[in-house]
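Okay, so here's the structure we're looking at.
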Amino acid sequence: KSGIETITQELIPDDRETVQIEVNELFGDKLGVRLRMEGLVVSNFDVPEAADVGWRFGDEIVAVNGKAVASREDFRKELAEA
């Protein structure tokens, strides 16, 4: 179970909302979302049910369990420890 903090990027860059998505369990061994090559931005769903836990296209992951993540390596490390 981990809390993944995201910033939803709307059409107007200054109009962003920070939300926390509670991930109680993975979908098999997957988080259920695909990330863009640059940054930690949700670009697609590997598992359609990922939307049911709160993920949205354009979400940018900024923290896992309150620990800031700035790269895929940071994200993977914190997610593995969650």
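Residue numbers count from 1 along this sequence. In what follows, every heavy atom counts, from backbone to side chain, and hydrogens, waters and symmetry copies are set aside.
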Problem set entry | Val64 versus Glu78, closest heavy-atom pair with distance | CB-CB, 3.8 Å

Problem set entry | Smallest separation among heavy atoms of Asp74 and Ala70, with atom names | OD2-N, 3.1 Å

Problem set entry | Shortest non-hydrogen contact between Asn44 and Phe57, atoms and distance | CA-CE2, 3.4 Å

Seminar exercise, completed: Interatomic distance, NZ@Lys77 vs CD@Glu73, rounded to 0.5 Å, equals 11.5 Å

Exercise. Under 3.5 Å, is there a donor-acceptor pair between the side chain of Asp59 and the main chain of Trp55?
Worked result: no

